[in-house]
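Inspection log for the structure reproduced underneath, given as structure tokens.
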Amino acid sequence: MERFASGSGDGVVKVWDLPSREEVWQTRAHDNIVKGICWTPERRLLSCAADKTVKLWDPYGSEKKGPPLATYLGQGAFTDITHHRDRPTFAASSSAISIYDMSRPASGPSQVLHWPTATDTVTAVSFNQTETSILASAALDRAIVLYDLRTSSPLSKVVLRLASNAISWNPMEAFNFAAANEDHNVYIFDMRKLNRALNVLKDHVAAVMDVEFSPTGEELVTASYDRTVRLWNRDRGHSRDVYHTKRMQRVFSARFTPDNKYVLSGSDDGNIRMWRVNASDRSGIKSARQRQKLEYDQALVRRYAHMPEVRRIKRHRHLPKTIKKAAEIKGEELKSIKRKEENVRKHSKKGTMPRQSEREKMVLGTER
């Protein structure tokens, strides 16, 4: 895929050419902030906004600033959108999740999904790309709910300590998804067992606004309110790389390119930035001698990875002073909470305060 799309706060949707980094198409799609965009399998573009509309565009076949191919109306302001992998169906979230059939543009939603007792706005929605009838959503009431389109009903619900801002399914493992949470962490869950997380990714010092699995399913990228983009190995608890610039403001979106070589991020300063997934890699054709040298260097790092100094150099990443200071303060606060818990446990009756795993602490309850 050589093109990608972006939506901004002034309602403009743009399509960019990745190799040349130039704008190739744009339109004034909505009256206010664009809340979600997604591509369809036919290379059409769907956009949704708080003006209660979802619009379908054809960036490859239509002129700039032309009218939309179709407009879908909703009952409330839309917050997110996701497209089914192979059917002409998309889901848009507002106070509930509306499923639209694209083959019938004039009609309203074909299905409306919501948890029976839920009243809060749904902020994120995502189709599973492997088990294509499964849909996940996150809402302001701190709940993550799974739905099955075959039965038009909710499957299960997990309530966390704070609300989640984004959900991403693992493309290689059908049952696993990641949730970007307001408590600065990312939680990876198995949908079959929601009472504990598979892993907790901790390093951000502000709310995580977006998360996405890489096309290989082995890595994740996150965007945060702390003005950084981080890359993670799926089975590690801390980030392997952190990207930041002086001018980059709060980051609201981050995505992998389909070839797994680059990451795109969109931030509050109105810019889209492109980062290498491996910061030291260089694009272009390498000579045999260069490849041999790189392989030799990597083999040396693996050979001496157990040595403390080599491990320290490999793990070290430069951080802005504000983030480093915030991380230190956060560390002290967490230590203080842990000390308080231990003191209360020490002076309580045996068995009244069982120890909880870090992967269970954030889960307040589950329902089916």
Side-chain angles (χ1 to χ4, degrees), residues 4 18 21 165-166 168 170-172 178-181 184-188 198-269 271-284 286 294-295 297-302 304-328 330-331:
F4 68 93
L18 197 57
R21 303 173 199 177
N165 293 315
S168 174
N170 189 326
M172 294 297 164
N181 204 267
H184 313 177
N185 299 332
V186 174
Y187 301 109
I188 301 176
L198 292 176
N199 201 5
V200 183
L201 311 183
K202 298 181 169 188
D203 261 349
H204 282 295
V205 293
V208 186
M209 304 307 294
D210 199 14
V211 63
E212 192 189 40
F213 273 99
S214 68
T216 61
E218 292 299 315
E219 293 190 322
L220 299 98
V221 63
T222 55
S224 173
Y225 220 65
D226 65 11
R227 305 177 190 183
T228 64
V229 175
R230 288 182 186 263
L231 290 164
W232 316 72
N233 289 323
R234 183 194 60 175
D235 52 355
R236 301 278 174 86
H238 295 280
S239 57
R240 70 161 177 84
D241 239 323
V242 54
Y243 294 147
H244 55 86
T245 68
K246 277 188 177 179
R247 295 190 179 198
M248 186 164 74
Q249 296 301 308
R250 296 166 296 200
V251 193
F252 289 107
S253 182
R255 290 287 182 269
F256 279 96
T257 56
D259 62 0
N260 201 35
K261 287 187 178 177
Y262 299 98
V263 162
L264 298 163
S265 69
S267 52
D268 217 9
D269 55 313
N271 291 320
I272 298 166
R273 291 177 172 82
M274 186 164 73
W275 316 83
R276 289 187 179 91
V277 168
N278 292 304
S280 59
D281 275 2
R282 289 295 172 266
S283 50
K286 299 180 183 70
L294 286 170
E295 286 167 12
D297 289 348
Q298 287 164 6
L300 273 180
V301 171
R302 286 195 299 271
Y304 296 104
H306 63 283
M307 297 184 72
E309 193 64 12
V310 173
R311 191 164 64 239
R312 187 191 67 79
I313 293 167
K314 189 182 175 186
R315 285 178 56 189
H316 177 73
R317 295 290 181 273
H318 176 265
L319 286 173
K321 193 180 287 183
T322 51
I323 291 171
K324 190 171 173 60
K325 186 69 180 171
E328 288 171 4
K330 184 182 170 185

With side chain to side chain donor-acceptor pair (under 3.5 Å) as the test, would you mind laying out the steps for Arg230 and Ser224 before giving the verdict? CA-CA 8 Å; Arg230 288 182 186 263; Ser224 173; over 6 Å; no
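- Closest approach of His204 to Asp226, counting heavy atoms only: ND1-OD2, 3.1 Å.
- Asp210 approaches Ala254 most closely through the heavy-atom pair OD2-N, 3.1 Å.
- In this structure, CE on Met248 lies 14.0 Å from NZ on Lys246, to the nearest 0.5 angstrom.
- Taken to the nearest 0.5 Å, the OH atom of Tyr187 stands 10.0 Å off from the CG atom of Leu201.
- No side-chain heavy atom of His244 sits under 4.5 Å from any side-chain heavy atom of Ile323.
- A salt bridge does not link Arg227 with Asp268: none of the charged nitrogens is closer than 4.0 Å to a carboxylate oxygen.
- The minimum heavy-atom distance between Asn165 and Ala207, with the atom names listed, is ND2-CB, 4.4 Å.
- Across Val186 and Ala178, no two heavy atoms sit closer than the pair CG1-CB, 4.1 Å.
- Put simply, the side chain of His184 reaches to within 4.5 Å of the side chain of Lys330, judged on heavy atoms.
- Scanning both residues, Phe256 and Leu220, for their nearest heavy atoms gives CE1-C, 3.8 Å.
- Contact annotation: the side chain of Leu18 approaches that of Met274 to within less than 4.5 Å [non-hydrogen atoms, C-beta and beyond].
- Annotation: Arg236, atom CZ; neighbour count of heavy atoms from other residues, nucleotides and ligands within 6.0 Å does not exceed 12.
- Counting only heavy atoms from C-beta outward, the side chains of Phe252 and Tyr225 approach each other to under 4.5 Å.
- Legend: residues meeting side chain to side chain donor-acceptor pair (under 3.5 Å) with Lys202, ordered by chain and number and at least two apart, are Glu358.
- Side-chain atoms of Tyr243 come within 3.5 Å of backbone atoms of Arg276 as a donor-acceptor pair (strictly under, hydrogens ignored).
- Note that CZ of Arg311 is 12.0 Å distant from CD1 of Ile313, once rounded to the nearest 0.5 Å.
- The heavy-atom pair separating Arg273 from Ser267 by the smallest distance is NH1-OG, 3.2 Å.
- Considering only heavy atoms from C-beta on, Asp203 stays 4.5 Å or farther from Thr222 through its side chain.
- With sequence neighbours left out, the side chain to side chain donor-acceptor pair (under 3.5 Å) criterion links Thr216 to Ser214.
- Looking only at side-chain heavy atoms (C-beta outward), Val221 and Trp275 stay at 4.5 Å or farther from each other.
- Side-chain contact between Arg240 and Asn278 is present, with heavy atoms from C-beta onward closer than 4.5 Å.
- With values rounded to the nearest 0.5 angstrom, Asn181 atom CG is found 11.0 Å from Met209 atom CE.
- Atoms OG1 and CG, on Thr257 and Leu264 in that order, are 6.5 Å from each other to the nearest 0.5 Å.
- One distance of note links CD of Gln249 with CZ of Arg247; it measures 10.5 Å at 0.5 Å rounding.
- For the pair Asn199/Arg234, no side-chain contact is recorded, criterion being any heavy-atom separation below 4.5 Å from C-beta on.
- Side-chain N or O atoms of Ser253 include none that pairs as donor or acceptor with a backbone N or O of Gly266 at under 3.5 Å.
- Within a 6.0 Å sphere centred on NZ of Lys261, heavy atoms belonging to other residues, nucleotides or ligands number 12 at most.
- Scored by the side-chain contact (heavy atoms from CB on, under 4.5 Å) test, Pro171 finds Phe213 as partners (sequence neighbours excluded).
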